[in-house]
Amino acid sequence: MNKDNELAQQTTPSAMKKMPFEKYTAFKPIPLQDRTWPDQVINRAPRWCSVDLRDGNQALIEPMTPDEKLRMWHLLVEIGFKEIEIGFPAASQTDFDFVRLIIEQDLIPDDVTIQILCQAREELIVRSCEAVQGAKKVIFHLYNSTSTLQRKVVFNMSRAEVIELAANATERVKVHTDVLKSTGTSVTLEYSPESYTATEMDFAVEICTAVMQVWQPTVEDKIILNLPSTVEMATPNVYADQLEWFIRHLPERDKAVISLHTHNDRGTGVAASELGLMAGADRIEGTLFGNGERTGNCDVITMAMNMFSQGVDPQLYLTDMPNIVAVSEACTKISVHIRQPYAGELVFTAFSGSHQDAIRKGMAVRDSGENPQWAVPYLPIDPVDVGGSYRETVRVNSQSGKGGVAFILENYFGVSLPRPLLLEFSPVVQKLTEAASGELKPDAIWQAFVGEYIEAEGPYKLIDYKLSSGPEKSQCCQASIKVGDNQIAIEGTGSGPIDAFIAAMVDTLNEPLNVVDYQEYALNEGSEAQAICILALNDEQQNKYYGVGISQNTTTAALRSIVSAVNRKWR
Ligand code: KIV
Ligand code: ZN
């Protein structure tokens, strides 16, 4: 066999390894040539409804305890949800008890409406009404599956029979909620043709129209028609087409709020809800971080923050994201992924050197106040807006360059290195990151800097020094220096303390020193303020040696930096 054939044999997948894709049928999009939704822009927030305490809760390995439900409830209220689905009280005693608890303990703010889910069965409708007695405002969420497949394989019902079931159930809701209304509860009906996306569109319109005919909504007192993508089956544009088609064909559209409830089986639950809004929907149901059945529901945080990043008020308050993450994790026992949009630990972090550099430069332009609008490379929003900080935007591993090192020293320790020193120090950090095969935390970078420059090993150590006035405004410096194992006294005179100390080193130790770069500034504010002195010396061959000294006393810092530079020269 020649070499080419051999290679071809190795790379052709064997029949055994083929994916059984023929098993699946492509979703058939609806014909809609004159769609208008692609030209729309989302420029205002929808009505949000959290379903964390129902769809989210029912999908948990360990459903929330009453205390956890309460904690989640308070968080949702704090975030600003005005509609919150709190359970399926006719199906679960825990849910029933929770509904009673928040009603009886008067925990529902006046501007918040609770929503409960109920199947299209009279005994469940009656029990649901019992659960919400005494509430001021209730959304009664009635659903039945309308999907072509489920009608055939689950219910064995014709279209007419399914319409009758929905209409009858609506009639029962009307009768039983009339009693509630007579005791002062305001009731809105939400109807979901469950598995809407897997339903023939004309049938979806027909069944929703039948429900509307029974309920008799008005323009002032609308019905909510919730059109779920119960299982996500196609690209989000297909959902948008289905919605545009539905909205165009629904009689009395002005008497209905069109609500969306997407799941995330294909990973595009948020995109589907977004395109659905563009197609004319008014309301979004979803959960925090997309918790929910299987791959989850539409993640309302991502969706709201996407709006925010476009300059649109999301009408949800997400400024304390760390707290939202903490409460959500505690209640659901699911950790928020480090890459979760807007909330994950790493979503505002750059490890790559070129990204770090661009962020640093972008932030410098921003600090100059040139442009009030946010425009920093690699950062879609300002992390500060969601309770984060600029500091966390840069972390250092072996992929990072000098920009990352400079950033950490500047932002965590207030130390700004001159470029040649940065170029000299960065490889030290690079070596450490490679040895660690991971991240080097700011403290470790600082320790490396201290070891390399501030505690630079070498022949000399400054033990003590004394300054006095010399002739003609000069300064005299007497210092005690350890050289190897010996302690010696040196003395010199100069125009200032640094000059005098250098003169002492040159004269007594025969060290030719020439200062070519010098900067000194305060490291931290307050009475404990430390000064840092960064200085470079030249030797006779014009080689440059950097040294660094730190002390509460500026002169001590400067003299230490000189010793550090000389030690580095002798290393
Ligand atoms: O996903 C779904 O279809 C639902 C309905 C009950 C609205 O959760
Ligand atoms: Zn759902």
Side-chain angles (χ1 to χ4, degrees), residues 46-60 63 81 83-92 95 113-121 124-125 128 131 138-151 154-155 162 165-166 169-170 173 188-201 203-204 207-208 211 223-234 236 239 242-243 246 256-270 272-273 276 281-300 303 332 334:
R47 260 167 75 172
W48 298 107
C49 173
S50 152
V51 295
D52 290 83
L53 289 162
R54 198 279 297 171
D55 221 352
N57 185 51
Q58 76 185 39
L60 294 174
F81 285 99
E83 295 175 8
I84 303 177
E85 188 165 85
I86 51 175
F88 193 160
S92 140
D95 281 14
T113 305
I114 54 166
Q115 175 169 316
I116 48 105
L117 181 71
C118 184
Q119 265 172 353
R121 282 169 37 201
L124 302 183
I125 294 167
S128 302
V138 172
I139 297 171
F140 195 106
H141 183 179
L142 179 72
Y143 80 98
N144 65 285
S145 178
T146 54
S147 90
T148 324
L149 179 67
Q150 291 204 44
R151 289 197 322 261
V154 183
F155 310 112
V162 177
L165 178 131
T170 306
V173 175
T188 300
L189 178 68
E190 171 169 337
Y191 174 67
S192 290
E194 201 238 73
S195 297
Y196 159 80
T197 46
T199 303
E200 305 87 330
M201 284 302 106
F203 182 54
I207 198 162
C208 288
V211 167
I223 188 172
I224 299 171
L225 295 178
N226 188 46
L227 306 173
S229 165
T230 302
V231 176
E232 188 169 57
M233 305 168 97
Y239 186 49
Q242 290 175 318
L243 294 166
F246 180 97
V257 169
I258 303 298
S259 173
L260 308 181
H261 177 113
T262 56
H263 280 267
N264 194 39
D265 300 79
R266 296 168 53 95
T268 53
V270 169
S273 284
D282 311 295
R283 182 178 186 267
I284 296 293
E285 292 191 352
T287 57
L288 306 182
F289 308 118
N291 176 43
E293 293 278 17
R294 306 181 306 280
T295 49
N297 287 62
C298 167
D299 169 12
V300 283
M303 191 162 166
T332 62
I334 294 176

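Both counts, for ligands and for their atoms, begin at 1 and track the order of listing.
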ask   = Of all the non-hydrogen atoms in the protein, which one sits nearest to atom 4 (C) of ligand 1, and at what distance?
value = His261 NE2, 3.5 Å
message = Looking only at N, O or S atoms, which one in His261 sits nearest to the Zn ion (ligand 2)?
response = NE2
Contact check: Asp55 vs ligand 1, nitrogen or oxygen atoms, below 3.5 angstrom = yes
inquiry  = If the contact criterion is a heavy-atom separation under 4.0 Å, does Glu293 count as touching ligand 1?
reply    = no
key: Which residue and heavy atom of the protein sit nearest atom 1 (O) of ligand 1, plus the separation   = His263 NE2, 3.0 Å
ask   = Do any heavy atoms of Arg54 fall under 4.0 Å from ligand 1?
value = yes
inquiry  = Would the distance check show the side chain of Glu232 and the main-chain N or O of Arg266 forming a donor-acceptor pair, the cut-off being under 3.5 Å?
reply    = yes
inquiry  = Among Ser192, Ser128, Cys118, exactly one meets side chain to side chain contact (heavy atoms under 4.5 Å, CB included) together with His141. Which residue is that?
reply    = Ser192
query = Is a side-chain donor or acceptor of Thr262 paired with a backbone partner of Gly269 at a separation under 3.5 angstrom?
reply = yes
key: Thr230, portion touching ligand 1 at heavy-atom distance under 4.0 Å   = both
key: 2.8 Å cut-off met by an N, O or S atom of Asp55 to the Zn ion (ligand 2)   = yes
message = Name the residue from Asp52, Asp55, Thr287 that meets the side chain to side chain donor-acceptor pair (under 3.5 Å) definition with Asn297.
response = Asp55
ask   = Do Glu285 and Arg54 sit within salt-bridge range, that is, some charged N less than 4.0 Å from a carboxylate O?
value = no
request  = Pull out every atom of ligand 1 sitting under 4.0 Å from any heavy atom of Ser192, numbered as shown with elements.
outcome  = 7 (C)
query = Does the side chain of Val51 come within less than 4.5 Å of Leu117's, by heavy atoms?
reply = no
request  = Look at the side chain of Glu85 and the backbone N and O of Cys49, then say whether any donor-acceptor pair between them is shorter than 3.5 Å.
outcome  = no
Atoms in ligand 1 with a heavy atom of His141 nearer than 4.0 Å = 7 (C)
key: Atoms in ligand 1 with a heavy atom of Pro228 nearer than 4.0 Å   = 3 (O)
Beyond-backbone contact of Tyr196 with Gln242, side-chain heavy atoms, under 4.5 angstrom = yes
